Visitor: 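Handing you this structure, nothing more for now.
Atoms within each ligand, like the ligands themselves, are counted from 1 in listed order. On a predicted model such as this, the values are computed, not experimentally measured, just so you know.
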Amino acid sequence: MKVLVINSGSSSIKFQLLNMEDESVLANGLVERIGEPAGRISCSLNPGVPDGTEISIEQEVKDHQCGMRLVVETLTDTNQGVVKKPDEIGAVGHRVVHGGEDFHMPTPIDENVVAAIKNNIPLAPLHNPANLDGIMVALDLFPAISQVAVFDTAYHQTIPDRAHMYALPYEMYENHKIRRYGFHGTSHKFVAGECASLMSKQLSECNLITIHLGNGCSMTAIENGQSIDTTLGMTPLEGLVMGTRCGDIDPAIPAFLYRNNGMSIDEIDEMLNKKSGLKGLCGMNDLRDIHHAVAGGDKRARLALDVQTYRNRKYIGAYMAVLGRVDGLVFTAGIGENDAYVRSESLSGLECLGINIDHMLNNQSIKKPTLVSEPQSRVQVWVIPTNEELAIARETINVLRAG
Ligand code: AMP
């Protein structure tokens, strides 16, 4: 079966078509700057194959409807397309950021699911409307094809009350659903599953700490295969230090800035989400630039690295305490997969907790799942590339087969 994975953002549509017989990628692309005068679709058809084709077309893309039509035209192009007709696509899997408390697992899309995603818009006002745009257009374009919503929050719905409740007046939860939801769930679940099979275990037997370090960062404590705590909260702002997001801060700081610095609520919100994290500390949010600056003696860049890796270490310690026994620790995403320094600094001094990294293994360039701990390390340390599109395609198929 061929599965089309759609990640619809406010001005972009990321897509990937996978052949699930062998999990190969048939097409991989992006429609961007939707709604602006100069839009673009770029796409690799049969990437990884020597005669694969690269397409990049600049043209106005008025709305998501036009964007999705372009995707279909590109995939079915008579000369270079990878499918002859849209109905060769067996299913569509949609990434949806916020499922609130309504979705514990990927779910086939019907009108009730659409209504529930709409209901959760207040929890993700930037993301859910864009995800819904993609769903509505795809339902219109592929009325006969099964479609599944795969939620970033669903994997974390097993987090117990004691870990997902904030100590606020209880009515805040009852009236506004204010609680921890967590995100990156598809990625955490995917690398946890990969790690379990690399350790020749069932996921349900494994206690793991999965560390997703990309532009957004989060860590999850996994007990017997289930998420029992995670660092991102009601929104993707809490926890670890991210590219431009602050992670944990004293919750009194926004009120302080409002009262004493003349900032509006929107300005504070923008600062915490877009001007903080690594960027806030040193002006850069790409680790490659930060290392370059550190090598040139930039003290702020050094500080940014120190603050990020210290926060990682602190949460690893916390999740070791939460889990008791930990079988494996997994680094993934752009920084986690590529930055040996961040991995080793995040684990430095944790030998007392049974974590012994092998620096030679850790320092190599890693392109596939790799064990980077010493043989005597009580906790195995793995670097496992995440693949959210493949994870969504697998979830889509599993749900349809189960149904
Ligand atoms: P992601 O959100 O998973 O795509 O990760 C993006 C982030 O990964 C970038 O902002 C960089 O900080 C980091 N990154 C990507 N490639 C490398 C690399 N080769 N070395 C260090 N960091 C990297």
Visitor: Select all protein residues for which some heavy-atom-to-ligand 1 distance is less than 4.0 Å, and list them by chain and number.
Guide: G214, N215, N285, D286, L287, R288, A333, G334, I335, N338, D339
Visitor: Should we say atom NZ of K201 is surrounded by more than 12 heavy atoms from elsewhere, each under 6.0 Å from it?
Guide: yes
Visitor: Filter on salt bridge (Lys or Arg N to Asp or Glu O under 4.0 Å), then keep only pairs touching residues 391-403, sequence neighbours left out; what's left?
Guide: E23-R394, K189-E395, E194-R394
Visitor: Among side-chain atoms of H188 and S227, is any donor-acceptor pair under 3.5 angstrom?
Guide: no
Visitor: Give me the atom names and distance for the closest heavy-atom approach of A192 to L203.
Guide: O-CD1, 3.6 Å
Visitor: Counting only pairs under 3.5 Å, give me each side-chain donor-acceptor contact of residues 45-55, with atom names and distances, residues two or more places apart or in other chains.
Guide:
unit_1 : atom_1 : unit_2 : atom_2 : d
E54    : OE1    : S44    : OG     : 3.1
E54    : OE2    : S44    : OG     : 3.1

Visitor: Taking only residues at least two apart or on different chains, which pairs with a member in residues 141-154 satisfy side chain to side chain donor-acceptor pair (under 3.5 Å)?
Guide: H94-Q147, R95-D152
